[in-house]
Amino acid sequence: MAGKVYIETHGCQMNEYDSARMRDVLQDRLGMTPTSDEAEADLFLLNTCSVREKAQEKVFSRLGRLARYKESRPDVLIGVGGCVASQEGEALRQRAPQVDLVFGPQTLHRLPDLIMRARQNGNAVDVSFPEIEKFDCLPEPSVQGASAFVSIMEGCSKYCSFCVVPYTRGEEVSRPFDSIIREVVGLVERGVREVTLLGQNVNAWRDSLHDGQPADFALLLRYVSAIDGIERVRYTTSHPREFTDSLIQAHAEVEELAAHVHLPVQSGSDRVLAAMKRGYTALEYKSIIRKLKAARPEVSISSDFIVGFPGETEEDFDRTCRLAEEVGFDQSFSFLYSPRPGTPAAELDNDTPLEERKARLAWLQKQLEAQGAEIAKTRLNTVQQVLVEGPSRRDPEELAGRASDNRVINFKGPEDLIGTFQPVRVTEMRVHSLRGDWASAP
Ligand code: SAM
Ligand code: F3S
C-alpha cells in the first residue's frame with residue numbers, strides 16, 4: 001500500500017522518537033511517504049500524550065475535528081498511538097468510531113499489519129507490551145542532520161504516585177547493549193555526531209557484556225562515547241534514585257558527555273516527595289548535584305517541578321523555591337499537578353484552592369526564568385562549541401544550534417556549516433536563546 005502518511009506528535013521526546021520510527025517502518029514495509037500536508041494524507045496518525053489532563057483533552061478535540069474531515073474523505077484511515085491509545089485501548093474506538101486503528105508505544109512496529117487489518121475491517125487494536133520486540137522489528141532509523149535520538153529503554157517501574165507512564169508504557173525494559181551500539185555505529189556512518197540516549201529513566205538501564213560482566217548506564221555511556229565519530233553524548237531523562245557515583249564519575253572523565261543534565265526533582269519538600277513516592281529526600285537530591293558539580297564544574301542542571309500536589313502547604317512550596325535557588329537550575333519545566341485516573345494520587349483530596357496553586361506556579365516560573373537569565377548572562381562573551389542544526393526558526397537568514405549546556409545559539413554563517421561543530425562567541429541574550437558571531441569566520 002503506497003500513499004502518504006501524516007503524523008501529528010504530542011508530548012515528550014520519546015514520542016518524537018516513536019513518530020520517527022513510525023515513519024521509517026511505514027516507508028520501509030509499505031512504501032508510504034511522509035507528508036506535512038494533512039489534505040493529501042491517506043493515513044493520519046496521532047501520537048498522543050496523557051501525562052496531564054490538558055494533553056489528553058487535546059487528543060479528543062482533535063479527534064472530533066477529524067471525524068468531520070473523515071465525512072468528506074471516508075477513504076482516509078485514522079490511527080491513534082501513544083499513551084492515550086495505550087490507556088483507552090478498545091474503548092477509544094467506541095468513544096471515537098472514526099478511529100480505524102489503535103496502537104501503543106510498544107506496538108508501533110506492528111503498524112503495517114494493523115493497517116492491513118483496518119483496511120479489511122478486522123480488529124486493529126493492539127496496545128500490548130511485547131517486551132523489547134519493537135527494536136528487533138524496526139528498520140534502521142532514517143537520519144536527519146548530525147544529531148539523533150537513540151531509545152535505550154522503554155517504560156518505567158518507579159510508579160510515582162502522580163504519574164500514568166508505568167501504566168501506559170509498561171515496566172522498565174532495557175534494550176540490549178549490542179543493539180544500542182549497533183544503532184549508534186550505523187548512525188555515525190550516516191553522518192551523526194551527537195546522540196541523545198532516551199528513556200523515561202535512562203540511568204535505570206542494565207544489561208551484561210559478552211563476558212557476562214554486568215553493565216550499568218555509566219558503562220554504556222563510556223562505550224557509546226568511545227565510538228569513533230561520536231563527538232557529543234546527551235541523555236534524558238535520568239532519575240535521582242539511580243544517579244550513582246559511577247555515573248557522576250563518568251561526567252568527570254568522559255569528555256564527550258555534554259555539560260548538561262536534566263534531573264527532575266518535582267518538589268523540595270520531603271513530605272511531598274514521600275507522598276509522590278519519589279524515593280529520595282531534598283538533601284539526597286542536593287548531594288547528587290554537589291557531587292556532580294564537583295566532578296564537572298561547568299555542568300548545567302535543568303529539572304521538572306510539580307506544583308500544587310495534594311497536601312502541599314505554603315511551607316512545602318517555600319522549600320521547593322529554596323531548593324531551586326540553592327541548586328541554581330537552568331531552563332527548567334514546571335507544571336500544575338494534574339490528577340490522572342488510575343494513579344494513587346488521584347484519590348487524594350486537594351484542599352488548596354486552584355487560584356492559590358496557580359499563583360504558586362506563576363511564582364516558581366518567574367523565579368526559574370530569572371535564574372535562567374542569570375546563567376545566560378554568564379555566557380556573554382564566551383566561545384561555545386555549537387552543533388549547527390539548521391536555519392534558525394526565528395530568522396531563516398541565521399543558523400541555529402545547541403551549545404554543550406543545551407542552550408540554543410543563533411548566528412550568521414554559510415549553510416555548509418550545518419551538521420558540524422562550530423565555535424560561536426556569544427554577543428546577545430534573548431528570552432529563550434542566545435545570539436553570537438561565528439568565531440571561525442574567514
Ligand atoms: N521519567 C521522568 C522522571 O524522572 O520524573 C519524567 C517523565 S514525565 C513524562 C515528565 C514530567 O511530567 C515529570 O517529570 C513531571 O514533572 C510531569 N508530570 C508527570 N505526571 C504529572 C501529573 N500528573 N501532573 C503534572 N505533571 C506531571
Ligand atoms: Fe513517571 Fe515517575 Fe516514571 S514521573 S515516568 S513514574 S519516574
Side-chain angles (χ1 to χ4, degrees), residues 9-18 47-58 82-84 86-87 105-106 129 151-174 196-205 217 235-243 247 261-269 272-280 284-285 288 301-312 320 323-324 329 331-348 350 352 354 357-358 360-361 364-365 368:
T9 311
H10 297 253
C12 62
Q13 282 162 322
M14 293 294 291
N15 270 10
E16 298 278 348
Y17 178 84
D18 283 346
N47 193 5
T48 62
C49 170
S50 63
V51 82
R52 281 170 290 277
E53 195 178 0
K54 248 202 197 125
Q56 180 153 352
E57 280 168 359
K58 253 194 222 159
C83 288
V84 175
S86 180
Q87 209 164 283
Q106 261 39 311
F129 301 133
S151 172
I152 65 160
M153 58 183 303
E154 296 283 318
C156 181
S157 307
K158 299 288 183 290
Y159 292 93
C160 298
S161 63
F162 53 82
C163 184
V164 287
V165 170
Y167 311 99
T168 57
R169 288 185 170 265
E171 297 262 326
E172 278 164 16
V173 186
S174 295
T196 304
L197 306 183
L198 277 188
Q200 293 299 340
N201 287 296
V202 277
N203 51 336
W205 181 90
F217 179 62
Y235 58 86
T236 197
T237 305
S238 49
H239 192 288
R241 237 163 76 183
E242 275 130 346
F243 216 97
L247 178 51
V261 172
H262 182 70
L263 192 61
V265 64
Q266 315 298 359
S267 169
S269 151
V272 174
L273 286 171
M276 288 177 165
K277 294 213 167 12
R278 289 290 290 178
Y280 53 85
E284 281 164 344
Y285 183 90
I288 295 169
I301 316 284
S302 61
S303 202
D304 291 346
F305 295 85
I306 294 180
V307 171
F309 189 77
E312 180 194 77
T320 302
L323 177 131
F329 290 110
Q331 307 201 106
S332 295
F333 302 95
S334 45
F335 312 100
L336 202 61
Y337 165 71
S338 167
R340 306 310 296 127
T343 60
E347 308 294 318
L348 303 173
N350 209 342
T352 315
L354 182 61
R357 285 180 261 148
K358 283 187 175 167
R360 285 181 194 167
L361 180 67
L364 179 65
Q365 285 179 338
L368 292 170

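Everything quoted here is computed from the prediction, not taken from an experiment. Whatever order the structure lists ligands and atoms in, that order sets their numbers, starting from 1.
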Pairs of nitrogen or oxygen atoms, one from ligand 1 and one from the protein, closer than 3.5 Å: please tabulate them with distances.
residue, atom, partner, partner atom, Å
ligand 1, 1 (N), Gln200, O, 2.5
ligand 1, 5 (O), Gln266, NE2, 3.2
ligand 1, 5 (O), Arg278, NH1, 3.1
ligand 1, 12 (O), Arg52, NH1, 3.2
ligand 1, 14 (O), Gln266, NE2, 2.8
ligand 1, 14 (O), Asp304, OD2, 2.7
ligand 1, 16 (O), Gln266, OE1, 2.8
ligand 1, 18 (N), Arg52, NH1, 3.4
ligand 1, 23 (N), Phe162, O, 3.0
ligand 1, 23 (N), Ser338, O, 2.8
ligand 1, 24 (N), Ser338, N, 3.0
ligand 1, 26 (N), Arg52, NH1, 3.2

Report yes or no: does [X] contribute a side-chain atom to a donor-acceptor pair with the main-chain N or O of [Y] at less than 3.5 Å?
X	Y	value
Glu53	Ser338	no
Ser174	Trp205	no
Thr168	Cys83	no
Asn15	His10	yes

Is Glu284 salt-bridged to Arg278, cutoff N-O under 4.0 Å?
->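 Arg278 and Glu284: not salt-bridged.
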Looking at residues at least two apart in the chain, or sitting in another chain, which of them share a side-chain hydrogen bond (donor to acceptor under 3.5 Å, both in side chains) with Tyr235?
->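 Partners of Tyr235 under the side-chain hydrogen bond (donor to acceptor under 3.5 Å, both in side chains) test: His251.
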Amino acids contacting ligand 2, non-hydrogen cut-off under 4.0 Å =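 Heavy-atom contacts below 4.0 Å: Cys156, Lys158, Tyr159, Cys160, Phe162, Cys163, Val165, Pro166, Gln200, Asn201, His239, Arg278.
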Starting from the C-alpha separation in whole Å, work towards a yes-or-no answer on side chain to side chain donor-acceptor pair (under 3.5 Å) for Ser302 and Gln331.
-> CA-CA 6 Å; Ser302 61; Gln331 307 201 106; over 6 Å; no
Residue from Tyr337, Tyr285, Phe329 passing ring-ring contact (aromatic ring centres under 6.0 Å, His included) with Phe305 =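 Only one of Tyr337, Tyr285, Phe329 forms a ring-ring contact (aromatic ring centres under 6.0 Å, His included) with Phe305, namely Phe329.
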Can you name the ring pair (Phe, Tyr, Trp, His ring centres under 6.0 Å) partners of Phe129, sequence neighbours left out?
->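 In terms of ring pair (Phe, Tyr, Trp, His ring centres under 6.0 Å), with neighbours along the sequence ignored, Phe129 is linked to no residue.
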